[in-house]
Amino acid sequence: QVQLVESGGGLVQAGGSLRLSCAASGRTSSSYAMGWFRQAPGKEREFVAAISWSGARSYYADSVKGRFTISRDNAKNTVYLQMNSLKPEDTAVYYCAAGNTYLTGSYHSEYDYWGQGTQVTVSS
């Protein structure tokens with residue numbers, strides 16, 4: 001089992017920045033690919049970004065490309081999501097997830113473990 005705990009959410013004005021963290025514990029291994037998803041009120045959970053277990057490959061949803069950066073520190077069993085130029089439409093609960101493979105995609109079914117989420121609110 002792998003436990004994931006997100007942190008770093010909060011309230012920020014449009015144009016501002018936040019950095020989310022996701023700490024993994026339990027049967028942790030750097031061989032897990034990691035992803036970030038988000039869910040706004042009344043909407044389905046959507047893919048944001050993913051990173052391979054080595055950190056060499058990453059990709060993003062079109063809506064965040066150029067503004068968000070996913071990274072990982074395997075020595076600390078932590079994945080990050082740096083969010084810049086935030087917009088009100090980025091408001092959501094952000095979840096990290098782990099998949100027992102080299103690189104995961106945008107489908108929920110590719111992920112084996114999920115965190116409880118952290119709220120991000122962007123005011124206009």
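Atoms considered below: every heavy atom in the structure, side chains included; atoms not considered: hydrogens, waters and symmetry mates. None of these values were measured; they are calculated from a predicted model.
- V64 is connected to I51 through a chain of hydrophobic side-chain contacts under 4.5 Å among Ile, Leu, Val, Met, Phe, Trp and Tyr, so both are in one cluster.
- Residues Y80 and L103 do not share a hydrophobic cluster, defined by chaining ILVMFWY side chains whose heavy atoms lie under 4.5 Å apart.
- Sorted by first and then second residue, the salt bridge (Lys or Arg N to Asp or Glu O under 4.0 Å) pairs involving residues 97-114 (not counting sequence neighbours) form an empty list.
- For the pair N77 (side chain) and S25 (backbone), a donor-acceptor distance under 3.5 Å is absent.
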Show me the donor-acceptor pairs, under 3.5 Å and distance only, between side chains in residues 15-23 and residues at least two apart or in other chains.
residue	atom	partner	partner atom	Å
S17	OG	N84	OD1	2.9

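- The two residues R72 and W53 make their nearest non-hydrogen contact at NH1-CA, 3.1 Å.
- Of all heavy-atom pairs spanning A98 and L4, the tightest one is N-CD1, 3.7 Å.
- Between the side chain of Y32 and the backbone N or O of Y102 there is no donor-acceptor pair closer than 3.5 Å.
- Annotation for A97 and Y111: closest pair CB-CD2, 3.5 Å, computed over non-hydrogen atoms.
- One finds the CG atom of L81 at 11.5 Å from the CE atom of M34 (value rounded to the nearest 0.5 Å).
- Counting heavy atoms from C-beta outward, S58 and I70 have side chains that approach closer than 4.5 Å.
- In terms of the side-chain hydrogen bond (donor to acceptor under 3.5 Å, both in side chains) criterion, E89 has no residue partners (sequence neighbours excluded).
- Listed by first and then second residue, the salt bridge (Lys or Arg N to Asp or Glu O under 4.0 Å) pairs involving residues 32-55 are R38-E46, R38-D90 (not counting sequence neighbours).
- E6 places a side-chain N or O within 3.5 Å of a backbone atom of Q116 that can act as its donor or acceptor partner.
- For residues 54-78, the ring pair (Phe, Tyr, Trp, His ring centres under 6.0 Å) pairs, not counting sequence neighbours, are F47-Y59.
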Output side-chain donor-acceptor pairs under 3.5 Å for residues 117-124, partner residues at least two apart or in another chain, one line each.
residue	atom	partner	partner atom	Å
T118	OG1	G9	N	3.2
Q119	NE2	A92	O	3.4
Q119	NE2	T121	OG1	3.3

